[in-house]
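Input: a single structure, listed below in structure tokens.
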Protein chains: 2
Amino acid sequence: MSRVTQKSIATKLGLSPSLVSRALAGRAGDIGVLPETIARIEQTARDMGYVPSAAATQLKGTGDPVLGIAAADMEDPFFGNVLAEIIRCSHEHHYALTLTGFERRNVDQRDVDVLLKQDLAALIVVGSGPMGWIEPVIRRHIPIIRIGSGPAPDAVAQYEPDEEQGFRELLEHLSTLGHRRAGFIGADLDVHRNRQSMVSRILENDRNGFRLDRIVLAHASGIEAGREGARRMMDDGDVPGAVICSSDAVAFGVMKTFAEAGLDVPGRVSVTGFDDLPMAGVYSPALTTLRQPINDMARVAVEMAGKLRTFRTRVRMPVKLMVRESTGPAPKEA
Amino acid sequence: MSRVTQKSIATKLGLSPSLVSRALAGRAGDIGVLPETIARIEQTARDMGYVPSAAATQLKGTGDPVLGIAAADMEDPFFGNVLAEIIRCSHEHHYALTLTGFERRNVDQRDVDVLLKQDLAALIVVGSGPMGWIEPVIRRHIPIIRIGSGPAPDAVAQYEPDEEQGFRELLEHLSTLGHRRAGFIGADLDVHRNRQSMVSRILENDRNGFRLDRIVLAHASGIEAGREGARRMMDDGDVPGAVICSSDAVAFGVMKTFAEAGLDVPGRVSVTGFDDLPMAGVYSPALTTLRQPINDMARVAVEMAGKLRTFRTRVRMPVKLMVRESTGPAPKEA
DNA sequence: TTGAAAGCGTTACCAG
DNA sequence: CTGGTAACGCTTTCAA
């Protein structure tokens, strides 16, 4: 019951392995092999359940190109959606997929080797964690595409949401509603800190005097970060009329905690998110948020994987403001 | 800039490839190679950035075992979480991972071949879709582990939530609250239909006269199924005091739609889910639901992958009733 | 203490 | 029209 190989087919038919190879590769008609022979070979291959060995074709250099996926941020609800789209696209493009994950732990040489062992056609990094470990991959001139934001070496082609554009629209929306003062709640992560300083920077030149003066970065992450942040804001007795959250998950935690404390959203305080998870539209109140073009980013990433040759790119993909129920007019007395 | 191989190291050092192989495999001290030579080899290997070729070791039969992951249900929010845990565990157990996805489309021979090409140590199927395509994998005596519910061939080791136990507890909870009549909302999928008939079956012998008499299976799926189901129930003007949903996602859609129509949850109608997604605890009202032991299922799946030899198993993992805010006493006039 | 050679499954070139 | 042979990168047995 061992593996069915071209050799075993050849032996059974009393032919040579090379002939079998050519027939099965469709490279036989070109040369002038008897159609009858070809048919016989194909038939027995089917009968015996022949499937070519990935290891062998890989070695030979004729196998399907392999796409490496490095999951850098599996906790993010985001992750599942991105991965799903990557799988779909890779299927269309006939890529084989290998997968590794890093999470928050230190990435050591062994983790990277798992990827390097394969002859990667390209590497897609999903998530916004630190990129220090990528160096050896760059040295091998493997095209690297990253879906996520944050600093990355030049050799990395990065597809990220255009956070600046998004936050500009968001702030204008709040401004129009009469808000002049907002708070910010996020987790103590690079991505979130960056979003916060992005918002601060935009507001620096604001002529209407809109300012961001309550900033809380929680130790927890995701929903819990939201709960912690909201609690800390309330403890200080200083909850501004609008709270900008660094992700939808954080916003959900914030809204829940406010609700438990009897703070009405959006009556007393407006809350915004970032991501537009499927849940955002269905929460009560439905969350006003910025939609990350997840599917678009995943799709271009896979498409680029084929075309790329270690070129620097940094594409900001448009982010869309989704105005829903969690934002409303600024409360009278701020 | 081509690949660094043992041969290239050997050439550089004026040694033979076999010696390099032994040194790098740690099989050199045993035989009596000069420690000095070993050190030299190891050093240059590091310098040149040597990483063994997965294809070659695979061919030789000495490579890391490969675990195949078939994602059968990528839409499920569930999917990301399961995958994250699988990645974590595989890392510990030194598995290489290959990934394919099916979704709802028909699975053809080519899809299965992608998996069969690799010399899979085992295959983990994530999701509850149809298993018709698995036959050729079984014939190759590859251990198959499935995380998800629904019918599967004998050769598949299945880890699934103990739905019966869970729903029994859930129904008792509702019964205690005074409910005697419930509705059911799900998507038109096997998993959901099964959950519905499970609930109906349990209720058949109920001495308190608890019955399930409004069943809606929506064409949409996930959140949208919930919205559609709730709408249909309201259109019929017959919303029972409790609505059991076949998943958390469905429940969220249901609650939102009820909220929009002014139906108070849990005052007018109690709503329950299944999954216990991170969001469940933070929705308003927080969702009473059944917790799937996602991490446990993923972990045992990976652990079994090593030990299994095509044995039939069907393990029901305990499900935990999470009582929160979305269920309350039955309304006066039902 | 080290090297040569065969073989894992495929493919491609060169003979026949 | 078809077969032999070498090579991809690595391990292992046997010989030196």
Side-chain angles (χ1 to χ4, degrees), chain A residues 2-42 45 48-66 96 113 116-121 140, chain B residues 2-42 45 48-66 96 113 116-121 140:
Chain A
S2 65
R3 196 180 178 88
V4 178
T5 71
Q6 295 188 347
K7 188 152 87 167
S8 60
I9 297 177
T11 319
K12 182 159 196 175
L13 258 48
L15 295 170
S16 75
S18 20
L19 227 199
V20 174
S21 173
R22 279 173 298 199
L24 261 26
R27 227 173 307 265
D30 311 356
I31 324 252
V33 180
L34 283 182
E36 174 194 312
T37 315
I38 299 181
R40 258 194 332 145
I41 294 178
E42 285 175 340
M48 299 177 71
Y50 169 77
V51 176
S53 147
T57 52
Q58 219 56 48
L59 232 203
K60 243 301 167 182
T62 55
D64 273 354
V66 179
D113 285 357
L116 261 21
K117 268 176 159 147
Q118 315 279 342
D119 251 325
L120 293 188
R140 277 186 176 63
Chain B
S2 66
R3 196 180 177 90
V4 177
T5 71
Q6 296 187 347
K7 188 152 86 167
S8 60
I9 296 176
T11 320
K12 181 158 196 176
L13 259 47
L15 295 171
S16 75
S18 22
L19 192 45
V20 174
S21 172
R22 280 173 295 200
L24 261 25
R27 227 173 306 267
D30 311 355
I31 324 253
V33 180
L34 283 181
E36 173 195 315
T37 316
I38 299 183
R40 260 196 329 148
I41 295 179
E42 285 176 340
M48 300 176 71
Y50 170 76
V51 176
S53 146
T57 51
Q58 219 55 47
L59 234 201
K60 242 302 168 182
T62 55
D64 272 354
V66 179
D113 285 357
L116 261 21
K117 270 178 160 140
Q118 315 278 341
D119 251 325
L120 292 188
R140 278 188 175 64

| Between A:I41 (CD1) and D:dC1 (P), how many Å, whole number? | 14 Å

Every protein N/O lying under 3.5 Å from an N/O of nucleotides 14-16 of chain D:
none

| field | For A:K60, all residues meeting salt bridge (Lys or Arg N to Asp or Glu O under 4.0 Å), sequence neighbours excluded | value | none

| field | Atom-pair distance (CG on A:L19; P on D:dT5), nearest Å | value | 16 Å

| field | d(CG, A:L24; C1', C:dT11) in whole Å | value | 12 Å

| Which angle, to the nearest 10 degrees, lies between the helix axes at the two ends of the helix from C:dT1-D:dA16 to C:dG16-D:dC1, each defined by five pairs? | 60°

| message | Measure CD1/A:I9 against P/D:dT2 and give the value in whole Å, please. | response | 16 Å

| said: Determine whether B:L15 and B:R40 satisfy the following criterion, side-chain contact (heavy atoms from CB on, under 4.5 Å), listing intermediate values before the conclusion. | reply: CA-CA 11 Å; B:L15 295 171; B:R40 260 196 329 148; 4.2 Å; yes

| Which residues satisfy the side-chain hydrogen bond (donor to acceptor under 3.5 Å, both in side chains) test with B:S16, sequence neighbours excluded? | B:S18

| task | Could you state the atom-to-atom distance from CG of B:L15 to C1' of D:dT11 in whole Å? | result | 17 Å

| message | Within this structure, what is the CG-OH distance for the pair B:D113 and A:Y50, rounded to the nearest 0.5 Å? | response | 10.5 Å

| field | For B:M48 against B:K12, the heavy-atom pair lying closest together | value | SD-CD, 3.8 Å

| What distance separates B:I41 CD1 from B:R22 CZ, expressed to the nearest 0.5 Å? | 9.0 Å

| task | Applying side-chain contact (heavy atoms from CB on, under 4.5 Å), run through A:V51 and B:R140 and close with a yes or a no. | result | CA-CA 11 Å; A:V51 176; B:R140 278 188 175 64; 3.5 Å; yes

| said: Once side chain to side chain contact (heavy atoms under 4.5 Å, CB included) is applied, do any residues pair with B:Q58, and if so which ones, sequence neighbours excluded? | reply: A:A55, B:V66

| message | With rounding to the nearest 0.5 angstrom, report the CD to OG1 distance, B:Q6 to B:T11. | response | 11.5 Å

| field | Residues in side-chain hydrogen bond (donor to acceptor under 3.5 Å, both in side chains) contact with A:D64, at least two apart in sequence or another chain | value | none

| field | Residues in side chain to side chain contact (heavy atoms under 4.5 Å, CB included) contact with A:T5, at least two apart in sequence or another chain | value | A:K7, A:S8

| request: Please work out if A:S21 contacts a base, only the sugar-phosphate, or nothing of the nucleic acid, heavy-atom cut-off 4.0 Å. | output: base

| said: Check the phosphate of C:dG9 against A:S53, side-chain N and O only, distance under 4.0 Å to OP1 or OP2. Yes or no? | reply: no

For nucleotides 5-8 of chain C, which of its nitrogen or oxygen atoms have a protein nitrogen or oxygen under 3.5 Å away, and what is each distance?
from, atom 1, to, atom 2, distance (Å)
C:dG7, N2, B:K60, NZ, 3.1

| message | Just the rounded figure in Å: distance from P of D:dG9 to CD of B:Q6. | response | 11 Å

| request: State whether A:Q58 places a side-chain N or O below 4.0 Å from either non-bridging phosphate oxygen (OP1 or OP2) of D:dC8. | output: no

